[in-house]
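Please read the structure below before turning to the comments.
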Amino acid sequence: MMRQVLLAMSRSRGLGRFMTTNRFAWSAANRFVAGRTVEEAVAVIQGLNEEGLSATLDHLGENVTVPAEAESNVAAYVEAIDRIREDGLRSGVSLKLTALGLDIDAADTEGLLERVVAHAAAKEPPVYVRIDMEASAYTETTLSIFYRLFERYRNLGIVIQTYLFRSDADIERLAALGAGVRLVKGAYLEPSEIAYPEKADVDEAMRRQTQRLLREDARAAGVYTALGTHDATIIDWAKDYTATQGIPRDAFEFQMLFGVRRDLQRQLVADGYRVRIYVPYGDQWYPYFMRRLAERPENVAFVVRAVIGER
Ligand SMILES: Cc1cc2nc3c(=O)[nH]c(=O)nc-3n(C[C@H](O)[C@H](O)[C@H](O)COP(=O)(O)OP(=O)(O)OC[C@H]3O[C@@H](n4cnc5c(N)ncnc54)[C@H](O)[C@@H]3O)c2cc1C
């Protein structure tokens with residue numbers, strides 16, 4: 001119930017304006033958001049790299065409503081990609097197609113995405129660009145854009161949400177293509193007609209789809225799997241499964257969000273696994289932050305105290 005309320009609130013522009021201008025709210029959001037500027041995010045990634053963690057940089061700013069905002073997000077990604085190579089960071093970038101104008105025009109969005117991906121592909125070595133997956137209204141268009149660009153750019157990857165019924169079929173197609181897939185449970189509010197409402201079913205789908213992506217034929221086709229989760233039970237299962245199947249630790253990676261389960265992030269690195277941290281930055285942090293609260297509603301009391309200034 002709380003999850004639903006928080007996810008509904010995440011879409012409120014009025015609340016977003018209130019929160020992003022409230023001087024105390026930032027101190028709560030800062031736990032999950034690396035900074036407001038690329039400079040601050042770069043410093044965070046340098047620290048992560050020193051600890052053996054790699055990163056993926058996300059410039060926040062989804063659901064833009066005017067083309068100028070989409071253009072400005074492209075410029076932010078071009079700058080971020082330049083900084084990654086200039087500063088020698090072990091990092092890729094992650095982006096949302098609604099930040100590039102998917103609510104305005106899909107063809108224009110595809111053109112803007114290609115600009116970012118081509119810029120990243122021209123680097124030596126190429127910078128990896130991951131398309132995040134948003135609410136189900138965008139799934140089909142996002143995948144179509146991905147499939148078209150993937151024919152020309154191998155530094156492009158995608159995300160699949162295990163809570164959607166359609167995902168087994170999507171995974172099958174991606175496995176045959178040899179695509180890079182980040183598997184996550186899914187962070188949006190979806191109806192039970194298209195998504196599993198029960199955690200047990202979502203977890204089971206995550207295991208099933210991980211197994212499919214890690215199968216020898218998929219790996220031979222070029223699939224590289226990223227398991228994006230903080231769920232210790234799933235992570236333990238993945239460690240056991242890969243060990244018993246003889247799948248090397250560098251054939252896949254775990255991914256976690258900045259500020260979540262730091263203990264587990266470091267432990268996995270100490271155990272010899274690849275771990276990548278999703279590092280968001282920018283002023284438009286409100287919807288991202290609310291999705292993080294929805295994943296762990298226990299954090300809400302701490303935020304309320306921060307926002308009203310009792311610290
Ligand atoms: C790298 C990465 C990229 C992602 N990209 C996308 C994307 O493109 N599209 C999308 O829909 N979703 C994305 N997600 C979010 C994902 O869909 C889930 O909503 C989120 O990861 C929570 O699910 P979980 O697998 O961590 O486990 P859950 O079953 O939700 O939680 C398991 C345990 O993890 C811990 N935990 C989980 N979330 C939090 C939190 N916010 N704060 C503190 N502890 C927490 C708690 O200990 C909890 O008990 C991404 C997640 C990661 C890690």
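When a ligand or atom number is given, it counts from 1 through the structure's own listing order. By convention here, the first residue in the shown sequence is residue 1.
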**Request:** Indicate, with yes or no, if Val260 and Phe254 share a hydrophobic cluster defined by side-chain heavy-atom contacts under 4.5 Å among Ile, Leu, Val, Met, Phe, Trp and Tyr.
**Result:**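 Result: no, two separate clusters.
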Judging by distance only, is a nitrogen or oxygen of [X] under 3.5 angstrom from one on ligand 1?
{"X": "Arg261", "result": "no"}
{"X": "Phe32", "result": "no"}
{"X": "Arg292", "result": "yes"}
{"X": "His230", "result": "yes"}
{"X": "Tyr278", "result": "no"}

**Request:** Counting heavy atoms only, name the option from Arg291, Lys96, Glu295 that's nearest to atom 19 (O) of ligand 1.
**Result:**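 The nearest heavy atom belongs to Glu295.
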**Asked** Which option out of Val260, Val184, Ile160 puts a heavy atom nearest to atom 16 (C) of ligand 1?
**Response**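 Selected option, by shortest heavy-atom distance: Val184.
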**Asked** Can Arg154 be said to sit on top of Phe150's aromatic six-ring, NZ or CZ under 6.0 Å from centre and within 45° of the ring axis?
**Response**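 Judged by the rule (NZ or CZ under 6.0 Å from the ring centre, within 45° of its axis), Arg154 counts as positioned above Phe150.
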**Request:** Given salt bridge (Lys or Arg N to Asp or Glu O under 4.0 Å), test Arg292 with Glu295 step by step and report yes or no.
**Result:** CA-CA 5 Å; Arg292 304 295 76 83; Glu295 284 154 7; 2.7 Å; yes
Sub-4.0 Å atoms of ligand 1 with respect to non-hydrogen atoms of [X]:
{"X": "Gln161", "value": "9 (N), 10 (C), 11 (O)"}
{"X": "Asp132", "value": "8 (O)"}
{"X": "Asp231", "value": "27 (O), 29 (O), 32 (C)"}
{"X": "Gly186", "value": "11 (O), 16 (C), 17 (O), 19 (O)"}

Could you tell me if [Y] and [X] have a donor-acceptor pair between their side chains, going purely by distance under 3.5 Å?
{"X": "Gln209", "Y": "Thr162", "answer": "no"}
{"X": "Arg182", "Y": "Thr56", "answer": "no"}
{"X": "Tyr163", "Y": "Asp203", "answer": "no"}
{"X": "Asp271", "Y": "Gln267", "answer": "yes"}

Provide, to 0.1 Å, the distance between [atom] and the closest protein heavy atom, together with that atom's residue and name.
{"atom": "atom 25 (O) of ligand 1", "answer": "Thr229 OG1, 2.6 Å"}
{"atom": "atom 2 (C) of ligand 1", "answer": "Leu257 CD2, 3.5 Å"}
{"atom": "atom 43 (C) of ligand 1", "answer": "Arg296 CD, 3.0 Å"}
{"atom": "atom 28 (P) of ligand 1", "answer": "Lys185 NZ, 3.7 Å"}
{"atom": "atom 9 (N) of ligand 1", "answer": "Met133 O, 2.7 Å"}

**Asked** So, does Arg182 sit close enough to ligand 1 that a heavy atom of it is under 4.0 Å from the ligand?
**Response**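 Right, Arg182 reaches ligand 1.
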**Request:** Tell me, please: is Lys199 in heavy-atom contact with ligand 1, that is, under 4.0 Å?
**Result:**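 For ligand 1, residue contact (heavy atoms, under 4.0 Å) with Lys199 is present.
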**Item:** Glu124 with Arg85: basic N within carboxylate O range, under 4.0 Å
**Value:**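 Salt bridge absent between Glu124 and Arg85.
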**Request:** Report yes or no: does Asn49 contribute a side-chain atom to a donor-acceptor pair with the main-chain N or O of Arg90 at less than 3.5 Å?
**Result:**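 Such a contact is found between Asn49 side chain and Arg90 backbone.
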**Prompt:** Between the main-chain N or O of Ala55 and the side-chain N or O of Arg276, is there a donor-acceptor pair closer than 3.5 Å?
**Reply:**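 Yes.
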**ligand 1-proximal atoms of Gln255, by part, heavy-atom distance under 4.0 Å** =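 The part of Gln255 near ligand 1 is both the backbone and the side chain.
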**Message:** Tell me the contacting part of Val159 for ligand 1: side chain, backbone, both, or neither, using a 4.0 Å heavy-atom threshold, strictly below.
**Reply:**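 Side chain only; the backbone of Val159 stays clear of ligand 1.
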**Message:** For a salt bridge (Lys or Arg N to Asp or Glu O under 4.0 Å) check, start with the C-alpha distance between Lys199 and Asp201, then their side-chain angles and the critical distance, and finish with the verdict.
**Reply:** CA-CA 5 Å; Lys199 174 175 161 61; Asp201 295 321; over 6 Å; no
**Prompt:** Heavy-atom distance from atom 31 (O) of ligand 1 to the protein below 4.0 Å?
**Reply:**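 Neighbour list for atom 31 (O) of ligand 1 is empty of protein heavy atoms (cut-off 4.0 Å).
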**atom 48 (C) of ligand 1 within contact range, any protein heavy atom under 4.0 Å** =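 Given the 4.0 Å limit, the answer for atom 48 (C) of ligand 1 is no, no protein heavy atom qualifies.
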**Request:** Sequence neighbours left out, what passes side chain to side chain contact (heavy atoms under 4.5 Å, CB included) with Arg291? Give chain and number order.
**Result:**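 In terms of side chain to side chain contact (heavy atoms under 4.5 Å, CB included), with neighbours along the sequence ignored, Arg291 is linked to Leu7, Glu62, Lys96, Ala187, Tyr188, Pro287, Tyr288.
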**Prompt:** Going by the salt bridge (Lys or Arg N to Asp or Glu O under 4.0 Å) test, which pairs reach into residues 112-122, not counting sequence neighbours?
**Reply:**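 Checked against salt bridge (Lys or Arg N to Asp or Glu O under 4.0 Å) - neighbours excluded - the pairs reaching residues 112-122 are Glu71-Arg115, Glu114-Arg152.
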